[in-house]
Amino acid sequence: MSTMMNTPLVMSTLMDRGPMLSPDVEIVTRFRDRIHRTNYAEVGKRARQLANALTKLGVREGDRIATFAWNTYRHLELYYAVPCMGAVLHTLNLRLSPADLEYIVNHAEDKIIFVDEDLLPLLERLIGKIPTVEQIVVLSNSGEFRTAFPSALDYEKLIADESTEFTWPALDENAPMGLCYTSGTTGKPKGVMYTHRSNYLHTITGALPDLMGLQRSDVVMAVVPMFHANAWGMPYSGMMIGIKQVFPGPMMDGPSICQLIQDEKVTFTAGVPTIWLGVMNELRQNPGKYDLSSLNTMVCGGSAPPRALIDWFETNLGIEFVQAWGMTETSPLGTVTRLKPKINNWSRERQLDIKQRAGICAPGLELRILDANDQEVPHDGAAMGRLLIRGPWIASTYYKEGPTDEKFPGGWLDTGDVATIDEEGYMAIADRSKDLIKSGGEWISSVDLENAIMAIPGVAEAAVIAAFHPKWQERPLACVVPHPGVTITRDEIIGHLEKQFAKWWMPDEVVFIESIPKTSVGKFDKKVLRARFADFKLPG
Ligand code: ADP
């Protein structure tokens with residue numbers, strides 16, 4: 001017989017901590033033309049005003065309330081109010097095509113969409129095509145927006161006269177609270193519905209020292225968008241701890257990010273590799289321009305960060321560069337790379353080997369890597385297998401779909417990634433299974449080859465894809481983007497790779513292109529590259 005209370009794991013108990021413990025702590029937003037400052041007390045009150053306004057608009061528990069917005073304090077208020085009042089926060093990815101957006105809004109049956117004023121033109125393309133949406137609310141600084149949406153409301157006017165008191169309803173911990181669609185890198189977008197329980201556990205665990213490691217003394221800046229994968233949980237864990245939060249708004253270029261880190265004394269930031277490449281380039285081109293001494297931790301995930309990038313930031317800024325892996329289906333935190341103490345004594349190169357791995361599994365989650373016969377492959381850092389994961393904040397099915405055996409075999413999520421796990425428990429993504437190069441039945445990791453090519457001086461970006469081969473079915477084709485003004489040859493690239501890889505891993509050909517196509521969240525879009533080189537004839 002248990003003697004413990006069974007209080008439900010609901011988000012309001014975490015979210016109210018910020019305003020309660022840190023009413024005067026700042027929440028800063030960078031807009032295009034100015035910096036906006038507020039604090040937890042204000043955000044707490046405005047979230048309650050918003051909940052009152054939404055109630056008057058007829059919002060009921062379980063209703064889907066969508067956002068189409070940058071990282072700002074208003075988006076944080078929506079992150080706060082919508083789940084706590086029992087509705088579902090549906091973050092729309094603003095980089096999706098109009099066709100995908102239309103599909104997602106209709107599939108989710110969104111009732112209201114909150115949209116940043118400068119994003120109205122993107123959303124207006126859906127006019128007449130989203131019948132479930134009863135109301136558009138515009139997040140505007142001036143209140144003087146123009147839109148083709150009939151009877152759109154202004155956010156500030158909507159909440160202005162509402163009471164700052166609102167009692168969050170008692171909710172079941174398994175009630176839905178958030179909805180996010182995969183960005184469709186590998187097919188039609190699929191909905192992942194988070195519950196209070198899943199997000200509560202993700203928020204608490206994610207903040208642990210060996211994971212994101214946020215604490216009261218931090219100033220956190222999520223550069224990763226709030227419109228995709230919960231901004232890796234930072235808005236929630238930030239509220240829970242009550243730390244200063246800095247939002248970059250629409251300005252995610254290198255100079256703006258550097259300026260904001262300096263001015264707001266950011267200690268902790270997180271984003272995808274493309275963002276950090278932009279920051280590195282800005283710092284390299286302007287030595288001494290910025291004082292980034294406040295920064296301690298830079299988290300990087302979403303795709304594999306090049307080794308040279310990790311090394312550059314740690315060496316030049318003296319910060320800890322922390323890799324993380326996850327996906328929409330995993331809330332998203334799955335693994336984080338923090339070094340075990342004994343690794344501190346290893347050589348720098350060996351440490352970088354570990355830092356290049358995606359990390360150790362969060363407590364509460366389980367990982368497996370399986371071969372084609374569903375047998376566990378050895379955790380030796382070399383053997384590759386399909387990566388499966390399970391745990392309390394991992395999707396068990398997609399929204400409005402039953403669990404398929406292909407995606408959810410035996411109660412696990414098949415991530416669609418191929419990975420290795422080393423003796424210390426550090427997982428590394430070798431590839432998405434669709435990107436893996438299957439050469440005569442053996443697997444070649446495109447990610448490993450790309451990383452090695454991107455470490456060659458003069459190379460800006462590189463993607464390796466499978467090209468058709470009459471004998472081996474598939475062989476690696478390297479697509480390389482040199483830095484502007486730099487000439488680099490095929491033989492130089494192969495020469496570098498030969499030092500690191502077995503002969504049968506060598507790309508059969510190197511092509512030089514002007515840029516690597518990117519997905520809606522800034523990852524290399526290999527679907528597009530594969531289509532472009534579908535008829536490519538390999539030499540020999
Ligand atoms: P989608 O692009 O389908 O929307 P997500 O945005 O949820 O998917 O991204 C999840 C995928 O991103 C993972 O399955 C993995 O392939 C890739 N990914 C995430 N983090 C890393 C990492 N640290 N290294 C390599 N790949 C990563």
Side-chain angles (χ1 to χ4, degrees), residues 91-97 100-101 104 178-192 194 202 211-212 224-233 270-276 298-307 309-310 321-338 354-362 367 369 384 386-389 393-395 398-399 407 413-421 426-436 445-451 454 463-464 517-528:
T91 51
L92 291 167
N93 182 338
L94 36 113
R95 303 204 202 277
L96 289 182
S97 67
D100 275 349
L101 265 180
I104 288 173
L179 179 61
C180 182
Y181 283 70
T182 61
S183 60
T185 315
T186 52
K188 242 198 172 351
K190 301 216 174 268
V192 178
Y194 310 106
H202 180 262
L211 297 173
M212 296 291 266
V224 52
M226 290 170 85
F227 61 71
H228 191 55
N230 302 316
W232 301 353
V272 295
T274 5
I275 295 286
W276 304 134
M298 179 177 275
V299 178
C300 183
S303 55
R307 185 183 183 98
L309 184 81
I310 305 174
F321 189 103
V322 179
Q323 185 173 172
W325 165 88
M327 51 201 303
T328 308
E329 292 89 332
T330 65
S331 294
L333 285 180
T335 66
V336 180
T337 302
R338 299 257 189 191
I354 299 289
K355 285 177 172 283
Q356 251 193 299
R357 303 185 73 82
I360 288 183
C361 186
L367 290 182
I369 41 173
M384 293 182 225
R386 282 162 35 233
L387 180 68
L388 274 64
I389 188 167
W393 59 91
I394 310 299
Y398 289 115
Y399 186 48
K407 193 67 196 169
L413 166 74
D414 187 328
T415 61
D417 286 328
V418 171
T420 63
I421 299 178
Y426 289 91
M427 184 273 283
I429 299 292
D431 246 321
R432 285 208 150 179
S433 42
K434 290 195 171 65
D435 295 338
L436 197 73
S445 158
S446 66
V447 173
D448 286 356
L449 289 171
E450 285 159 12
N451 274 327
M454 284 191 278
V464 178
K518 309 275 185 337
T519 70
S520 62
V521 287
K523 305 183 192 189
F524 289 171
D525 198 340
K526 297 201 187 167
K527 234 179 359 194
V528 174

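Whatever order the structure lists ligands and atoms in, that order sets their numbers, starting from 1.
Listed by number with element, the atoms of ligand 1 under 4.0 Å from a non-hydrogen atom of T182 are 4 (O).
No N or O atom of E329 sits closer than 3.5 Å to an N or O atom of ligand 1. In terms of N/O distances under 3.5 Å, ligand 1 is approached by R432. Geometrically, ligand 1 and M327 share no nitrogen or oxygen pair separated by less than 3.5 Å.
Within the structure, the closest approach of G302 to ligand 1 falls below 4.0 Å when heavy atoms are considered. By the 4.0 Å heavy-atom criterion, S303 is counted among the residues contacting ligand 1. Not a single heavy atom of C300 lies less than 4.0 angstrom from ligand 1. Ligand 1 has G326 within reach: a non-hydrogen atom of the residue lies less than 4.0 Å from it.
In the candidate list A324, A419, C180, A324 is nearest to atom 23 (N) of ligand 1, counting heavy atoms.
Looking at residues two or more places apart in sequence or on another chain, you find no salt bridge (charged side-chain N to carboxylate O under 4.0 Å, His left out) involving E329. Applying the salt bridge (charged side-chain N to carboxylate O under 4.0 Å, His left out) criterion to D414, with sequence neighbours excluded, gives R386.
At a heavy-atom cutoff of 4.0 Å, ligand 1 is contacted by the side chain of D417 but not by its backbone.
The line from OG1 of T328 to OH of Y398 is 8.5 Å long, rounded to the nearest 0.5 Å.
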- Take T420 and R357 through the side-chain hydrogen bond (donor to acceptor under 3.5 Å, both in side chains) test and state the conclusion after the steps. CA-CA 9 Å; T420 63; R357 303 185 73 82; 2.7 Å; yes

